[in-house]
Asks: 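Please see the structure below; I have some questions.
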Protein chains: 2
Amino acid sequence: MEQDVIATPASAPKGRPREFCVDQALAEALHVFWAKGYDGASMTDLTEAMGITKPSLYAAFGNKEALFHKALDLYEQEKLEYGRAALEQPTARKVAEYYLRGAIDVHGGTDDPKGCMGLISSLACSPEAESIKADVVRRRASSQRLLVERFERAKAEGDIPAHVDAEGLTSVLYALLQGITVQAGAGATHAELERLVDTSMTLWPSP
Amino acid sequence: MEQDVIATPASAPKGRPREFCVDQALAEALHVFWAKGYDGASMTDLTEAMGITKPSLYAAFGNKEALFHKALDLYEQEKLEYGRAALEQPTARKVAEYYLRGAIDVHGGTDDPKGCMGLISSLACSPEAESIKADVVRRRASSQRLLVERFERAKAEGDIPAHVDAEGLTSVLYALLQGITVQAGAGATHAELERLVDTSMTLWPSP
DNA sequence: CCTATTATATACCGACCGTTATGGAACAGG
DNA sequence: CCTGTTCCATAACGGTCGGTATATAATAGG
């Protein structure tokens, strides 16, 4: 009691040390979930990709669902970070364009799986995956709210015409984003997606 | 050989007559696939909804995949028929609006499951479902081609400005459609979807 | 009535699912 | 060395998956 354990920062590991890197394993799991969705990714798929056995996975991450939520955290943090940068663009037009081109980079790239992990997982509705779906929908709603606020500000700044409905415009932009990820997942080429964005930008309201 | 069997129109059924209506059973199966996707719909889900046993299902439809393709045929025929009507609208703007409002009616209604059956099934990617995905993608591409041709014609008729890319515009419209079905599946209200469409129409190019 | 044919009902198949019990291996402190 | 703790590896658990073998019921034609 009086030994004054000052929360040893990297606390002394007592037992046998684990033989894999948790972060790297999580990154591999993310890749599998992204490519196959929550239901489509089996424990065997996951453990093989992560290079660990099932008991190790359960000890380190809890269970499949907990692993998914952690993977989704990583996904948002690494891959959807461009959304925060987009909000800081100087004009509403640039916000939109940043969003759309960012979506092409992330969801239409060649290194990662095609399509959007959130979208894929929010549509696969096995009964047990309801909480997964709810999680994705909740995250989407909160980021959408930020976008509405950004467009409200843009209207106040005369950045987009006053008659435009900020909430409607956000829904439109989100629909375009979702369409991009759907088409990317269906095999659309980089050029086709850029054509989509180019045309979208010609439609965007001018101040 | 000489009995001159003139292809008895409703040929004489020889054995025990089936006790269910194939069309009605297929309609029930469509409902299940629509709500749960290909992978999410189990044979038990299907047989219970259809009111028949598994051997009857296999005798009448082949297997799960064949049943799905027939359900998808029915879906396109009944629910996506508005797409053909849309193409016949007099102006490109009305074509687009017909498409978008039709999508709200079909995918945001209260009688049928929310969301688009094709989209749901094209994203659930179990290994065996690759042919499902390919089928959906193929059907989508062919309907998209018709839309491009319609917009080419609209350009020729001065219906949309000459500088607009018909193919890009088609991709944009399709992205909006896909976004509508995604948001409908995620629980968006009818009013929110209409707001999305209203705003989309304010962005649509004027001749 | 008998046979052939087709549909139904039950029970079952092997494979895979997510999850866990079991036993041994690798470390720290005594 | 011994004990306690933590991790790895194997194998197994009950359950569900899509698909079927088997036996029985219902019709048509002879």
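Predicted model, so just to flag it, every value in this text is computed and none were measured. Each chain gets a letter, A, B and so on, in the order its sequence line appears, and its residues count up from 1.
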Asks: When you measure from the side chain of A/D135 to the backbone of A/I132, do you find a donor-acceptor pair of N or O atoms at a distance under 3.5 Å?
Replies: no
Asks: Going by atom types alone, do B/T170 and B/Q144 pair a side-chain donor with an acceptor below 3.5 Å?
Replies: no
Asks: Run the salt bridge (charged side-chain N to carboxylate O under 4.0 Å, His left out) check on B/R93 and B/E97 step by step: do they pass?
Replies: CA-CA 6 Å; B/R93 162 178 285 271; B/E97 185 158 12; 5.1 Å; no
Asks: Partners of A/K114 by salt bridge (charged side-chain N to carboxylate O under 4.0 Å, His left out), sequence neighbours excluded?
Replies: none
Asks: Send over the distance from A/Y58 OH to D/dA9 C1', rounded to a whole Å.
Replies: 16 Å
Asks: Would you confirm whether A/E192, through its side chain, and A/T189, through its main-chain N or O, come within 3.5 Å as a donor-acceptor pair?
Replies: yes
Asks: Figure out the CG/P separation between A/L46 and C/dC17, and round it to whole Å.
Replies: 10 Å
Asks: Under 3.5 Å, side chain of B/D45 to main-chain N/O of B/S42, donor-acceptor pair present?
Replies: yes
Asks: Categorize A/A60 for me: base, sugar-phosphate, or nothing, with a 4.0 angstrom heavy-atom threshold over every strand shown.
Replies: nothing
Asks: Could you list all the side-chain hydrogen bond (donor to acceptor under 3.5 Å, both in side chains) pairs where at least one residue sits in residues 18-28 of chain A, not counting sequence neighbours?
Replies: A/R16-A/E19
Asks: Salt bridge between B/K79 and B/D112, side-chain N to carboxylate O under 4.0 Å?
Replies: yes
Asks: B/D45 has an atom CG; how far is it from atom P of D/dG18, in whole Å?
Replies: 8 Å
Asks: Where along residues 15-30 of chain B does a heavy atom come under 4.0 Å from DNA chain D, residue by residue in number order?
Replies: B/G15, B/R16, B/P17
Asks: With B/E167, which residues qualify under side-chain contact (heavy atoms from CB on, under 4.5 Å), at least two apart?
Replies: A/R195, B/V148, B/D165
Asks: In whole Å, I'd like the distance from the CE atom of A/M43 to the P atom of D/dG14.
Replies: 19 Å
Asks: Just by modelled atom types, is the B/G118 backbone N or O under 3.5 Å from a matching donor or acceptor in the B/R140 side chain?
Replies: no
Asks: Within residues 62-71 of chain B, find the residues that approach DNA chain D with a heavy atom at under 4.0 Å, and present them sorted by residue number.
Replies: B/N63, B/K64
Asks: Return the residues of residues 48-56 of chain A meeting this criterion: a heavy atom under 4.0 Å from some atom of DNA chain C. Order them by number, or give none.
Replies: A/K54, A/P55
Asks: Nearest whole angstrom, please: distance from the C1' of C/dA25 to the NZ of A/K14.
Replies: 18 Å
Asks: Atom CG of A/D39 and atom P of D/dG18: how far apart are they, to the nearest Å?
Replies: 12 Å
Asks: Salt bridge between A/R101 and A/D198, side-chain N to carboxylate O under 4.0 Å?
Replies: yes
